[in-house]
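A short worksheet on the structure shown next.
Both backbone and side-chain heavy atoms feed into the values below; hydrogens, waters and symmetry mates do not.
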Amino acid sequence: MAQHILDSLDKKILRMIAEDARVPFLEVARECKVSGAAIHQRIQKLYNLGVLKGSKFLIDPEKIGYETCAYIGLNLKDPSSFDAVVEALRNIPEVVECHYTTGDYDMFIKIYAHNNHHLLTVIHDQLQPLGLSRSETIISFGSAFNKQLPIVDFEKA
């Protein structure tokens, strides 16, 4: 994966919009002492480079009835079925992340369920039929924090 060279203006823009994705571009422009058009062009460039991957509203899963968050390490009976399993996982609404990993698991997923009974149902009815040889579930009691990576100057660090 290529690292993109960001100039000081790019970094200032990223810091501002990472702190508040809803900050008006004109406010970013004033703070950066450039035109609104320049901010639009920079943001479009950052999207095109893949530095920015979008903006979205974050929904609190608990507020909409998902009280259980779990992380599940999955081992496949047949590692050649990896791509098909990933596609099947993508179609399970409760699975919100899937990671390729090293170590004890073939992949690691994050899942939300309404409660422990719902979690068990998803594991039994939707995950097990995917051809798992083994899985290990870790239930999260809550997130201590969740943050963006800082925009740093690697040449100074």
Side-chain angles (χ1 to χ4, degrees), residues 1-7 10-23 25 28 40 42-157:
M1 287 183 232
Q3 178 183 335
H4 299 287
I5 305 298
L6 304 176
D7 65 19
D10 292 330
K11 291 174 185 173
K12 189 167 189 173
I13 293 168
L14 287 172
R15 284 184 192 105
M16 287 186 73
I17 64 175
E19 186 176 311
D20 178 7
R22 297 181 71 185
V23 64
F25 284 0
V28 176
H40 280 279
R42 290 295 183 116
I43 293 212
Q44 187 60 51
K45 176 189 86 167
L46 293 167
Y47 273 114
N48 293 342
L49 290 172
V51 173
L52 288 174
K53 293 188 173 200
S55 59
K56 57 188 170 190
F57 289 101
L58 298 176
I59 298 169
D60 183 336
E62 267 190 67
K63 302 283 191 224
I64 60 169
Y66 291 88
E67 296 179 3
T68 300
C69 173
Y71 296 87
I72 305 175
L74 305 176
N75 291 98
L76 305 177
K77 288 179 188 171
D78 178 11
S80 68
S81 67
F82 197 87
D83 291 337
V85 171
V86 169
E87 280 309 306
L89 290 169
R90 191 183 309 275
N91 292 317
I92 300 172
E94 294 86 353
V95 176
V96 296
E97 291 181 26
C98 178
H99 298 268
Y100 305 115
T101 62
T102 62
D104 290 339
Y105 310 113
D106 293 322
M107 59 185 72
F108 201 72
I109 64 172
K110 181 177 182 180
I111 184 171
Y112 283 101
H114 297 293
N115 51 41
N116 288 349
H117 179 73
H118 180 215
L119 176 63
L120 176 62
T121 301
V122 171
I123 292 170
H124 184 267
D125 295 350
Q126 295 183 68
L127 298 182
Q128 287 301 329
L130 298 178
L132 303 182
S133 63
R134 184 174 83 79
S135 68
E136 183 175 346
T137 302
I138 302 165
I139 294 178
S140 170
F141 290 133
S143 176
F145 65 88
N146 188 338
K147 64 180 183 176
Q148 291 272 5
L149 284 171
I151 307 302
V152 297
D153 294 322
F154 286 108
E155 56 274 1
K156 294 179 183 177

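- Pairs of residues two or more places apart, or lying in two chains, that qualify as side-chain hydrogen bond (donor to acceptor under 3.5 Å, both in side chains) and include a residue from residues 58-68 are Thr68-Asn116.
- Counting only residues at least two apart or in different chains, side-chain hydrogen bond (donor to acceptor under 3.5 Å, both in side chains) contacts with residues 118-132 comprise Glu94-His118.
- We find the CG-OG distance between Leu74 and Ser133 to be 9.5 Å, quoted to the nearest 0.5 Å.
- By the side chain to side chain contact (heavy atoms under 4.5 Å, CB included) test, Asn48 pairs with Gln44, sequence neighbours left out.
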Lys45/Ile43 under side chain to side chain contact (heavy atoms under 4.5 Å, CB included): CA gap, chis, key distance, verdict: CA-CA 5 Å; Lys45 176 189 86 167; Ile43 293 212; over 6 Å; no
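- The side-chain heavy atoms of Ile5 and Asp10, taken from C-beta on, include no pair separated by under 4.5 Å.
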Test log, rule side chain to side chain contact (heavy atoms under 4.5 Å, CB included), inputs Leu6 and Leu46: CA-CA 9 Å; Leu6 304 176; Leu46 293 167; 3.8 Å; yes
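- Between Ile138 and Ile72, every side-chain heavy-atom pair lies at or beyond the 4.5 Å cut-off.
- Listed by first and then second residue, the ring-ring contact (aromatic ring centres under 6.0 Å, His included) pairs involving residues 69-94 are Phe82-Tyr100 (not counting sequence neighbours).
- Contact of the Phe57 side chain with the Arg22 side chain is registered, since non-hydrogen atoms from C-beta on lie closer than 4.5 Å.
- At least one side-chain heavy atom of Leu14 sits under 4.5 Å from a side-chain heavy atom of Leu52.
- Of all the heavy atoms in Ile13 and Val28, the pair that sits closest is CG1-CG1, 4.1 Å.
- One finds the CD1 atom of Ile64 at 5.5 Å from the CD1 atom of Ile59 (value rounded to the nearest 0.5 Å).
- Lys110 and Cys69 make their closest contact through CE-SG, 3.7 Å (heavy atoms, listed as atom of the first residue, atom of the second, distance).
- Heavy-atom minimum distance, Ala113 versus Leu119: CB-N, 3.6 Å.
- Among pairs with a residue in residues 71-87, those fulfilling salt bridge (charged side-chain N to carboxylate O under 4.0 Å, His left out) read Glu87-Arg90, at least two apart in sequence or across chains.
- For Tyr105, the side chain to side chain contact (heavy atoms under 4.5 Å, CB included) partners at least two apart in sequence or on another chain are Asn75, Thr101, Phe108, Arg134, Glu136.
- For the ring-ring contact (aromatic ring centres under 6.0 Å, His included) test, no residue two or more places apart in sequence or in another chain qualifies with Tyr112.
- The side-chain heavy atoms of Ile109 and Ile92, taken from C-beta on, include no pair separated by under 4.5 Å.
- Listed by chain and number, the residues in a side-chain hydrogen bond (donor to acceptor under 3.5 Å, both in side chains) with Glu97 are His99 (sequence neighbours excluded).
- Remark: Asp7 engages Arg42 in a salt bridge (charged side-chain N to carboxylate O under 4.0 Å, His left out) (not counting sequence neighbours).
- Taking the side chain as every heavy atom from C-beta outward, Met107 and Leu76 approach each other to under 4.5 Å.
- Side-chain contact between Asp106 and Val85 is absent, with no heavy atoms from C-beta onward closer than 4.5 Å.
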